[in-house]
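Single-structure report; data block below.
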Amino acid sequence: MHRVWAEIDTAAVRHNLGAIRQRVGDTRVMGVLKANAYGHGAVEMAKLLTGEGIDAIGVGDSGEALELRDAGITTPILIVGGIIPGEMPRVVANDIEVNLHTVQMAEDLNAEAGKQNRTVRVHLKVDTGMGRLGMQPFEAVPFLHNLRRLRNLELVGLCTHFSLPYERNPAFTTRQIEHFNLAVEVAERLGYDNLILHSSSSLAVFGRDDAYFNMVRTGIGLWGLLPGDLQGWESKLKPALQLKSRILFLKDVPEGTPIGYSRTYYTPAPTRIATIPIGYNDGYRTSLSNRAEVLVRGVRCPVVGRVSMDYTTIDVGIVPDAEVGDEITLFGRDGDGRITLDEIAHWADAIPYEILCGLGRRVARVYM
Ligand SMILES: Cc1ncc(COP(=O)(O)O)c(C=O)c1O
């Protein structure tokens, strides 16, 4: 009944969580569900993961956090990046945890929490080499010293983020870990105990076992779409999402037929062109034009002509029995055929994360 849909295998997500737990042992696991759970549907994935006893949830901003609270999710939720002052009232009111990066931010959040007569659970974010958010390890010393004055903030965690890819420079990640350890030592010496310490995202979960501390933050690993070659760990995960559409229109065309906007493709021989109702509005990018392949009845067929907002054209000349209504796999499996997310990302000149996060609103999410 759908024109374009993402088929999401919930058993695969459970399997991947199991593989992550097997890898990290007793370490707590945060499921990172920002960007609509990387296109998988944040509310559905939060319900699934909380049902599996996930320890915490990570989101990108207060809107994403509230969506989950409104859906009845009571698990601790952390905004894994930063917040702007305008987000503070709703963060405080809805029991959302945040990272602190500056003294000013701590003061402002404390004032808002005081106004609402509440306490906010906060994590201190330390920049150990990512260069994006967080304070330098040496700044953490006076900061932590003064934090006790802010009576409406409760420090519950300390975190950092790796820039990776560690395969190319493991020493850099090692240095990040060392710098993070300095901040951890300071916190402990100042009497902060039982802190949640977290640094590893999925690549580090599978690539380094010396950086788990007592919680890992994993997104892409839960979806089974770990990029790279991690000594076979990636093959233990199961991709959870497949992108599908169906043939809306078919026509036989002679040699020399122009296809699509700007006539970027002319058929080199008589063939059959199928039009499928997925376009860049759905996240199937124009950079895939004349580059990508899709599966029709398990057979790879090329995308020809330019991808438009709502439609993509493919050459199905090598699948003579293709019919209107046939299911098309943009990525995922069909019979013996398989198109991986890495392939799509490569064709699109993007990273796999971008393709998932770019899936549009019109793409129906179908849970299996
Ligand atoms: C701070 C932070 N932690 C964890 C993650 C999860 O990363 P991954 O999806 O690679 O596991 C992200 C994602 O971008 C992040 O920004």
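Just follow the structure's listing: the first ligand is 1, and inside any ligand the first atom is 1.
Proximity of Lys47 to Ile73: side-chain heavy atoms (C-beta onward) are separated by under 4.5 Å at one or more points.
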(request) Test Val32 against Ser201 for side chain to side chain contact (heavy atoms under 4.5 Å, CB included), laying out the working first. (result) CA-CA 9 Å; Val32 178; Ser201 56; over 6 Å; no
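For the pair Asn214 (side chain) and Leu195 (backbone), a donor-acceptor distance under 3.5 Å is present. Checking side-chain atoms of Asp282 against main-chain N and O of Gly360 turns up no donor-acceptor pair under 3.5 Å.
In terms of polar-atom proximity, Leu203 is not counted as a contact of ligand 1, lacking any N or O under 3.5 Å from an N or O of the ligand. The distance criterion of under 3.5 Å between nitrogen or oxygen atoms is met by Ile220 with respect to ligand 1.
At a 4.0 Å cut-off, at least one heavy atom of Arg132 sits close enough to ligand 1 to count as contact. Taking 4.0 Å as the cut-off, Thr218 counts as a neighbour of ligand 1 on heavy-atom distance. Contact annotation: His198 has no heavy atom less than 4.0 Å from any atom of ligand 1. Ligand 1 lies nowhere less than 4.0 angstrom from a heavy atom belonging to Met30.
Here the protein heavy atom with the shortest distance to atom 10 (O) of ligand 1 is Tyr353 OH, 2.6 Å. Looking only at protein heavy atoms, the nearest one to atom 14 (O) of ligand 1 is Lys34 NZ, 2.9 Å.
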Would you list the atom pairs, donor with acceptor, under 3.5 Å between side chains in residues 33-42 and any protein atom, with sequence neighbours excluded?
| unit_1 | atom_1 | unit_2 | atom_2 | d |
| --- | --- | --- | --- | --- |
| Asn36 | OD1 | Ala42 | N | 2.8 |
| His40 | ND1 | Ala37 | O | 3.0 |
| His40 | ND1 | Tyr38 | O | 3.0 |

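Applying the side chain to side chain donor-acceptor pair (under 3.5 Å) test to every pair with at least one member in residues 250-259, sequence neighbours left out, gives these pairs: Asp252-Arg272.
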